[in-house]
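Here the structure comes first, spelled out in structure tokens, and everything after it is commentary.
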Amino acid sequence: MISLFENYLTAINFDLLEDEESKIAYILILGEFGAQIELAPYILEWMIKVNWEDHNVEISKALLLSLVKLFFVRAPEVKNMLGKFFEFILKECKDVDLIHNKAAFYYKLLKMNPQVAQ
């Protein structure tokens with residue numbers, strides 16, 4: 001069952017998802033089930049690059065949450081992209097307090113003690 005689910009999810013074209021809610025749902029599914037979806041970190045990495053160009057706060061919040069969740073199950077694959085995403089949010093998104101504050105909180109928590117954060 002997971003294989004069929006994984007094949008379907010990895011075949012979705014993010015650009016063809018029309019509304020913000022669909023994109024957010026897709027991102028959150030990848031974060032929640034990323035341990036079972038082999039390509040999840042790489043799909044999220046691509047989504048980060050897309051969001052970098054056309055910054056959307058709600059999509060950034062979903063990406064942040066999904067990357068943090070995925071970090072706990074696939075840290076070697078996610079560590080660098082999560083670090084770059086933290087840097088992007090903390091340096092480039094100062095005008096958006098909510099996402100900036102969340103990113104700062106997750107960053108400090110993960111830096112202090114990832115086991116407690118999990």
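The structure displayed is predicted, hence computed values, not measured ones.
Distance check: Lys102 NZ to Ile89 CD1 gives 10.5 Å after rounding to the nearest 0.5 Å. Distance check: Phe85 CZ to Leu90 CG gives 10.0 Å after rounding to the nearest 0.5 Å. Taken to the nearest 0.5 Å, the CD1 atom of Ile37 stands 9.0 Å off from the CG atom of Leu44. Taking CD of Glu45 as the reference point, atom CG of Leu70 lies at 11.5 Å (rounded to 0.5 Å). Within the model, atoms OH of Tyr107 and CD of Glu87 stand 9.5 Å from one another, a figure rounded to the nearest 0.5 Å. In this structure, Ile24 CD1 and Leu65 CG are separated by 11.0 Å, a value rounded to the nearest 0.5 Å.
No donor-acceptor pair closer than 3.5 Å links the side chain of Ser66 to the backbone N or O of Leu30. A distance-only check finds no donor-acceptor pair linking the side chain of Arg74 to the backbone of Pro41 [under 3.5 Å].
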Could you walk me through whether Leu64 and Phe86 pass side-chain contact (heavy atoms from CB on, under 4.5 Å), step by step?
CA-CA 8 Å; Leu64 178 62; Phe86 277 140; 3.6 Å; yes

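For the pair Glu58 and Lys61, the salt-bridge criterion is met [side-chain N within less than 4.0 Å of a carboxylate O].
Nearest approach of Ile27 to Ile59, heavy atoms of both residues: CD1-CG2, 3.7 Å. Nearest heavy atoms, Val78 versus Leu67: CG1-O, 3.5 Å.
Few gaps surround OH on Tyr106; more than 12 heavy atoms of other groups in view lie less than 6.0 Å from it.
Taking the side chain as every heavy atom from C-beta outward, Tyr26 and Ile43 approach each other to under 4.5 Å. Counting heavy atoms from C-beta outward, Phe72 and Leu110 have side chains that approach closer than 4.5 Å.
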